[in-house]
2 protein chains.
Amino acid sequence: MNDKTVKRKNLSEEVASRIKSYIIENSLRMGDRLPTEFEFAELFGVSRVIIREATKALGFLGILNSAPKRGLTVGEVDMKRVTQYLGFHFALNDYPREKLLKTRMILEVGALGEVIEKMARDPEIYSRFRGIISTLETSRDADEFIRHDMEFHRALIEASDIDPLVAFNDLLDVFFRRFREEILEVQGDWKVNVQGHRNIIDALRDGKLTEAQELIRLHLSNYKKAD
Amino acid sequence: MNDKTVKRKNLSEEVASRIKSYIIENSLRMGDRLPTEFEFAELFGVSRVIIREATKALGFLGILNSAPKRGLTVGEVDMKRVTQYLGFHFALNDYPREKLLKTRMILEVGALGEVIEKMARDPEIYSRFRGIISTLETSRDADEFIRHDMEFHRALIEASDIDPLVAFNDLLDVFFRRFREEILEVQGDWKVNVQGHRNIIDALRDGKLTEAQELIRLHLSNYKKAD
DNA sequence: TTGATAATATAATAATACAATATGAATGAT
DNA sequence: ATCATTCATATTGTATTATTATATTATCAA
């Protein structure tokens, strides 16, 4: 983390950074104990209030937990926490959807190259996709359909086995949930796109990379409509 | 945000929730002013410390900003925040270099499609790249070379004008700096690759997308060696 | 008008005190 | 000896108060 060089406004952010560094440098894992608030205060030479502000902020992100007597412990870093907040964020400001869409296309199109290899070696992957698609078909309402659609796209990235991509994709999904909802409001008939999903994975199964990539592009460009 | 029903451990989380609600209910937009810390303290009937912990945490997430005299204001979406968090995530779970490399390839290869369009419309971009490459050539030592190499790759992504990609790329750069240093230790002659850069941007200028993509793949796969 | 300067509002930090609570040890009952 | 209970203690949680830093606004002089 090259956070040190960057200008930092206030102490608590600085401290939060240092606490993160502390975790990394001591290679603490989830559940491990950190120094107490008081010890941190002494270690960094700041008041306990500042330590609290920092730990609170980190706590919000799930980076650490705190409890009386137990003290501070390293939390589980998961995307859900952050996406929850981002979701709020994005409710306030609308980020240019076109850029998000392009980002997503790049990720998915890029992932396909890996997915196609993995699928060739492991037929199980194909049937997993079939499973998800069948849940798409049997969805009772739009909300359920959206959930399964998101699941499908996540599975696609996951199948590439490149976890940084998965993490990034999870973040983007926050935006896309909104898009999906908007789209469905407009186009009413939400089941229309099931075949599109099937075409993609069939192309992958048959080793037709460029075709699959083209299909994904087409599929994703549906989100463009609601302008 | 249906946060109200959920069990909440401590006051500051509760307060943070209420502040979020406040923003929504008054439909505040980015840059709008919130009550002062003191007013919030009175409004919610808690101490100012609690308000601070909450606002700090929200500030940390970019949901609001604070400055003396100006007070609290609603923040704007900042991809940097997101990636900062992701960066921590990556640091904790040390992803194998191979996956990071693949991620990077996907980003850059994907970005090229946009870059090529932008370049066709704006010749200035090409000469900017030429400038960076010439600094590569005149680098005096390995460290300087690395800096300019990173600059080149960043400029490549930046030229796509897709900021989420840029943010994500910056994040990966932390790791790649390490890679680069390792590589250079091994291969000694660090100026060897300048022509590779030139080929890439020339291909882009000539509108040869697939060729440029192939060149990038080749270029990046240099990092694979130091296994 | 312009530029500097002072006043003021507000966040930033600190010190301190006490309350609440989970943990683990000590105690006691069976 | 084993299990449950109690209790002391460490640590976070909350509150109060004071001081400092800083950005905005108002004032005044050139």
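Lettering follows sequence order; numbering is per chain, from 1. Atoms considered below: every heavy atom in the structure, side chains included; atoms not considered: hydrogens, waters and symmetry mates.
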(request) Can you see which heavy atom on B:Leu101 is nearest to which on B:Leu220, and at what distance? (result)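 Heavy atoms only, the tightest pair is CD1-O, 3.7 Å.
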
(request) Quick one: do B:Ile200 and B:Phe129 satisfy side chain to side chain contact (heavy atoms under 4.5 Å, CB included)? Show the steps, please. (result) CA-CA 10 Å; B:Ile200 291 166; B:Phe129 281 122; over 6 Å; no

(message) Below the 4.0 Å mark, does D:dG13 have OP1 or OP2 next to a side-chain nitrogen or oxygen of A:Ser66?
(response)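 Answer yes for this pair, as a side-chain N or O of A:Ser66 is under 4.0 Å from OP1 or OP2.
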
(message) Run the side chain to side chain contact (heavy atoms under 4.5 Å, CB included) test on A:Asp32 and A:Asn26 for me, step by step, so that the C-alpha distance in whole Å, both residues' side-chain angles and the decisive distance to 0.1 Å come before the verdict.
(response) CA-CA 10 Å; A:Asp32 288 353; A:Asn26 298 70; over 6 Å; no

Please report, rounded to the nearest Å, how far the [atom2] atom of [N] is from the [atom1] atom of [X].
| X | N | atom1 | atom2 | result |
| --- | --- | --- | --- | --- |
| B:Phe40 | C:dA11 | CZ | P | 10 Å |
| B:Glu14 | D:dT14 | CD | P | 11 Å |
| B:Asn65 | C:dT10 | CG | C1' | 15 Å |
| A:Ile50 | C:dA12 | CD1 | C1' | 7 Å |
| B:Leu72 | D:dA23 | CG | P | 16 Å |
| A:Arg52 | D:dA15 | CZ | C1' | 12 Å |
| B:Glu13 | D:dT12 | CD | C1' | 13 Å |
| B:Glu53 | C:dT13 | CD | P | 14 Å |

(request) Tell me which residues in residues 31-39 of chain B put a heavy atom below 4.0 Å from DNA chain C, sorted by number, or none. (result)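 Contacts with DNA chain C under 4.0 Å: B:Thr36, B:Glu37.
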
(message) Testing B:Gln213, B:Lys118, B:Met119 one by one against B:Leu204 for a side chain to side chain contact (heavy atoms under 4.5 Å, CB included), which residue passes?
(response)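 Between B:Leu204 and the candidates, side chain to side chain contact (heavy atoms under 4.5 Å, CB included) is satisfied uniquely by B:Met119.
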
(message) Can a donor-acceptor pair be found, under 3.5 Å and without considering hydrogens, that links the side chain of A:Asp141 to the backbone of A:Glu144?
(response)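 A pair under 3.5 Å: yes.
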
(request) Could you check which of C:dA14, D:dT12, D:dA15 has an atom nearest any side-chain atom of B:Val46? (result)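 From the listed options, D:dA15 comes nearest.
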
(request) Identify which nucleotide among D:dT12, C:dA14, C:dA12 has an atom closest to any side-chain atom of B:Lys56, counting heavy atoms from C-beta outward. (result)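 Output: C:dA12.
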
(request) Report, as a single string ordered 5' to 3', how protein heavy atoms within less than 4.0 Å touch nucleotides 17-23 of chain C: B base, S sugar-phosphate only, - not at all. (result) B---BBB

(request) Salt-bridge test for A:Glu151 and A:Arg147: reply yes if a basic N is under 4.0 Å from a carboxylate O, no otherwise. (result)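 A:Arg147 and A:Glu151: not salt-bridged.
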
(message) For B:Arg198, is there an ion pair with B:Glu137 - N to carboxylate O distance below 4.0 angstrom?
(response)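 Result for this pair is yes, salt bridge flagged.
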
(request) Could you go through the side-chain hydrogen bond (donor to acceptor under 3.5 Å, both in side chains) check for B:Arg130 and B:Tyr126 one step at a time? (result) CA-CA 6 Å; B:Arg130 292 299 298 218; B:Tyr126 178 77; 3.2 Å; yes

(message) If you assign A:Gly71 and A:Val49 each to the DNA chain D nucleotide with the nearest heavy atom, which residue ends up on the more 5' nucleotide?
(response)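 First, find each residue's nearest nucleotide; the 5'-ward one identifies A:Gly71.
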
(request) Flag the pair B:Val74 / B:Arg29 as yes when at least one side-chain heavy-atom distance between them is below 4.5 Å, and no otherwise. (result)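 No, too far: nothing below the 4.5 Å cut-off.
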
